[in-house]
Structures are given as C-alpha cells and as structure tokens.
Amino acid sequence: MGSTCVVGLQWGDEAKGKIVDLLCDQHDIVVRYQGGANAGHTVVADGLTYKLSLIPTGILRPGVDCVLGNGVVVHPPALLLEIERLTAQGVDFGGRLLVSDRAHVIMPYHLAEERLTEESSSVAEHLGTTRRGIGPCYRDKVGRVHGVRIADLYHPARFREHLNRIVDYKNRLLTAMLPDFEILDASSIADEYLDYARRLKTYVSDTTTWLGNQLDRDRRLLFEGAQGTLLDVDHGSYPFVTSSNSSTAGIAAGSGVPSRSIDRWIGIVKAYTTRVGGGPFPTEQDNPTGDRIRKAGNEFGTVTGRPRRCGWFDAVAVRHAARVSGTTELAVMLLDVLSGHESIQVATAYEDESGNRIEAMPASIADLERCRPVYATLRGWNEDLTKCRRWNDLPPAARRYVDFLSELLGLPVSIVSVGPERRQTILDRLTAASPREVAAQA
Ligand code: IMP
C-alpha cells in the first residue's frame, strides 16, 4: 500500500486527526495542502492531549515527516507558537517539519480585513469565520497584486518595497471602512515578519520538489485535509464555506503532488452532523436532542471554543461530498456519542415545501434553506460503546446503524471509532460483513 488521503465529508471536525494519527504507522510523510490555523485537531495519546492547528498530527510520531504544502496559508506567529507549545510537551521536531516556500503568508491587515466583514451589521456578510485571516489571505493570493509568499520574506529589500505599497493601500481602505482602525506601519510589520522568517528558516523549503523526490524513493504520503468537503469553496455550501478546496480536489493544487499518486481514499464522517459558524444545516436539532449530542460529544470548537451546532446524519450531503472527494471507504467516528437515544434519525433525502423529493444537494443556499429532511428512523441503543474493540462487541442496533449508513452511501465502512483514544477503534468491520451482505440485509 502506498499513499493515502483522509478527508472530512461533512462541515469539518469529523475527528480526522485521530485517523491520521493511526495511519501514521503505515506512512512516512503527512502533508497538509490547504487551510491554515482555522483547523484544529485534538489527539489523545498515552493520556496526553495535544492540540494541533497548523502542524500535521504526524509530528507526534517520531520518524514521520510533516509538510505544510504550498496551498496552506501560514500565520508565522501562530506557527511559531505551535512549535513552541509542542516542543514544551516534549515533541522533537528534529528536521521533520517542512514548510513550503510557495505558501502564502497571513499578515496583520488580513485579520483587520476579516473584522470588516465579520463585524458588519449585515447578516449576509457574516460567515462566522474563525477570524484567523484565512479568507482575506486567500483573496490576496488569487488577486495576485497583494500576495506575500514565504519565499518573499527571504528577499528583505524587495519585501519591504512590496509591503510599503500594500500597507498604503490597506490603510486607506481600512481607515475608510473600520471606525476604530489604527493605521499600520509598514516598516515595523516588515521588521516583525523578517524576524519570523529568520526563526522559521530551518523549516522552509521547496516542498514540491522534495515531495516529488520522496515519491521517487517510494516513501508513502498521507494527505490530511483540514475542514471538510462541505466547506470546500467550490463544492460546499457556498458562501458559507472556507476559502480553499477542502475536498480532495485541493490535494494536487496545494501540494504539487498529482492525485494519481494516491492509492487509498478515506472519507471521515461523524455518526451525526455538526457545523460551526453560519450556513444552512438541514438536519440541525436546535432543541434538547441537539443539546444532548453537544454535551455527549463535547462539541465545542478546538480553535475558537464556540459551541457547535448539532444534528442528525445527513446522507444527502455526505453522498455529495463522497462523490466530489472520490472516497472509496468510510470511517465512522464518535459512534459512542449516540448511545442512549431511543431512536436515531438519518436524512435519506430532502423535500421542498411542495413535497418534491430532492436527492442531490442544491447549489443555491436559498434552495438548501428550504429543504426539509426526509428521515429514516432507526432503533437506538443504551449500551456504552467506549469499551468495544471489535465489530461484534457492538450492540446489534449500533451495527445496524453503521450498516445503514454504508448502504445509503454505497461505501464500505472500514473504521468505526468509539472514543478519542487510539485503542478505541474498531478495524475488523470489513471482515464482519461484506458490502454485498450488508446490502442483502437491507
Ligand atoms: P474560515 O475558514 O475561518 O474562513 O471560516 C469559514 C467557515 O469555515 C466558518 O463557518 C468556520 O466556522 C468554518 N471552519 C473553518 N475551519 C473549520 C474547522 O476546522 N472545522 C470546522 N469548521 C471550520
């Protein structure tokens, strides 16, 4: 087995970090290809909790190299802080972190620009972002005139000149738009960023060439998607999305590695659905059921601490995501969280006000907001699942639930997770029943 990609098929926070961490044993290099410090992973290992944001979870495994590809947006102080925090927890970087010199840099004015829209009184402009400057940085990247890449920081004179022009433009714009905006000083920003560049130098390289060389040496890559496919700027619930291709479509663009190098495509889903920030969410349970899921699943953002919106599994949305991301198997996470519900619902389709059945996710959020889920109701279970280690340890209703998801999505479930620890993972599902047997049971 060669290279693998792991991608979320919902609105992020599917517990991808745990699966990436498990798969590290079979890979040599973990690659992030999009997003920035808006992502958050929590990995629990040997009783210790590690919180990662920009740095791939592979850094927790000695001998595994970690790459922040060209498609990632890097806020240097956030990256340096994360390196310091992990070092203090005993993580040895030892030449294992590589940051692309083609990655774009998040600058102070990006954070101010994000305030501009997020504090706007217009709900339409308010996306509920993580306020890490991600969107404005990507906007400057595709706009080209104001983009700053890591490589630019190693040409100080040119960088200062470029920054003077950008800061002059941003000052004029932001003063007009933000009443409490304090004028930025290009020269002190340049000093600050050149210092970050000096401290980051040891990590910076041409990761595109390096990754190509590693593939030539048959080293196995593990691509770690941040956010989830439904937050993809092209394929998600636009405009309530992030600013990058968080589906697997981002891999080739954001790492320089063609996707034909990938052998295994794993889609990660929670056994239910969550979303942070604004945007349509057809199966949302803004009621005691949702509160119960939030409490049992500790559904609060890793990065922002915001309570996550919770609801039932949405097979329409996941089917769309699985197709876009081309995943060929599923990992069902947090199954233990659903214990104790008398019945569990799954959206198998949507319908509009006139009762027309909708099987595919509509493009327009106006249409999506009007969709009402058509639910299938399954029997719940009361047993605590956190000690289950094998497929047959699960109560029949929990097995039936996983099988039902597998049937609906037409994909085999190869991993079931019943807790945050590495050992709380069921890996023998595929030997228990083949997809054909599952279909026959339906
Ligand atoms: P941004 O990525 O900060 O621009 O935020 C855009 C949208 O994506 C908001 O709804 C965020 O809450 C959401 N988002 C960004 N990163 C994550 C993540 O890692 N998990 C879940 N949602 C995220």
Side-chain angles (χ1 to χ4, degrees), residues 6-20 32-43 51-57 68 71-75 78 82 104 106 110-120 123-142 224-247 250 254 268-270 272-281 284 294 297-311 314 317-318 321 333-334 365 368-369:
V6 170
V7 70
L9 297 182
Q10 293 157 318
W11 280 288
D13 308 316
E14 298 92 348
K16 298 173 289 289
K18 170 174 166 172
I19 300 304
V20 170
R32 265 200 64 182
Y33 52 91
Q34 46 69 233
N38 51 349
H41 288 311
T42 306
V43 177
K51 286 198 186 292
L52 298 113
S53 202
L54 254 176
I55 299 176
T57 40
L68 296 182
V72 171
V73 285
V74 177
H75 191 208
E82 204 170 322
H104 276 250
I106 297 181
H110 291 137
L111 303 173
E113 283 176 310
E114 192 142 63
R115 272 184 53 212
L116 194 62
T117 45
E118 291 301 282
E119 288 173 14
S120 142
V123 177
E125 288 176 12
H126 187 114
L127 299 176
T129 72
T130 55
R131 297 189 178 218
R132 297 291 187 275
I134 306 292
C137 182
Y138 277 119
R139 193 159 63 210
D140 278 343
K141 171 178 172 173
V142 293
E224 173 180 347
Q227 292 85 47
T229 301
L230 299 177
L231 287 170
D232 184 284
V233 66
D234 282 286
H235 303 289
S237 49
Y238 189 87
F240 293 96
V241 291
T242 193
S243 299
S244 61
N245 284 118
S246 51
S247 66
I268 315 285
V269 291
K270 268 179 185 166
Y272 47 94
T273 311
T274 62
R275 138 159 243 180
V276 269
F281 178 175
E284 181 167 18
R294 182 177 309 106
N298 191 24
E299 291 294 354
F300 295 88
T302 314
V303 176
T304 60
R306 289 182 287 179
R308 296 181 184 138
R309 300 159 62 193
C310 299
D314 183 343
V318 173
M333 312 301 289
L334 293 127
I365 54 157
L368 190 52
E369 274 162 3

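We count ligands from 1, going down the list as the structure has it; atoms in each ligand are counted the same way. Everything quoted here is computed from the prediction, not taken from an experiment.
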Original post:
Heavy-atom count around F300 CZ within 6.0 Å, excluding the residue itself: above 12?
Top reply: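 Yes, because the 6.0 Å sphere around CZ of F300 holds more than 12 heavy atoms from other groups.
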Which pairs of nitrogen or oxygen atoms, taken one from ligand 1 and one from the protein, are under 3.5 angstrom apart?
unit_1, atom_1, unit_2, atom_2, d
ligand 1, 2 (O), N38, ND2, 2.8
ligand 1, 2 (O), T242, OG1, 2.6
ligand 1, 3 (O), T130, N, 2.8
ligand 1, 3 (O), T130, OG1, 2.5
ligand 1, 10 (O), V276, O, 3.1
ligand 1, 12 (O), G128, O, 3.3
ligand 1, 12 (O), V276, O, 3.1
ligand 1, 12 (O), R306, NH2, 3.0
ligand 1, 16 (N), N38, O, 3.3
ligand 1, 16 (N), Q227, NE2, 3.2
ligand 1, 19 (O), N38, O, 3.3
ligand 1, 20 (N), D13, OD1, 3.0
ligand 1, 20 (N), D13, OD2, 3.4

Subject >> Residues D140, H110; criterion side-chain hydrogen bond (donor to acceptor under 3.5 Å, both in side chains); working and verdict >> reply: CA-CA 9 Å; D140 278 343; H110 291 137; 2.7 Å; yes
Original post:
How about F240 and W11: are their ring centres within less than 6.0 Å of each other?
Top reply: no
Original post:
Between the main-chain N or O of L230 and the side-chain N or O of D232, is there a donor-acceptor pair closer than 3.5 Å?
Top reply: no
**OP:** Could I get the full list of side-chain contact (heavy atoms from CB on, under 4.5 Å) partners for A39, not counting sequence neighbours?
**Re:** R32, A226, Q227
**OP:** May I have the step-by-step check of side-chain hydrogen bond (donor to acceptor under 3.5 Å, both in side chains) for T130 and R306, ending in yes or no?
**Re:** CA-CA 9 Å; T130 55; R306 289 182 287 179; 5.8 Å; no
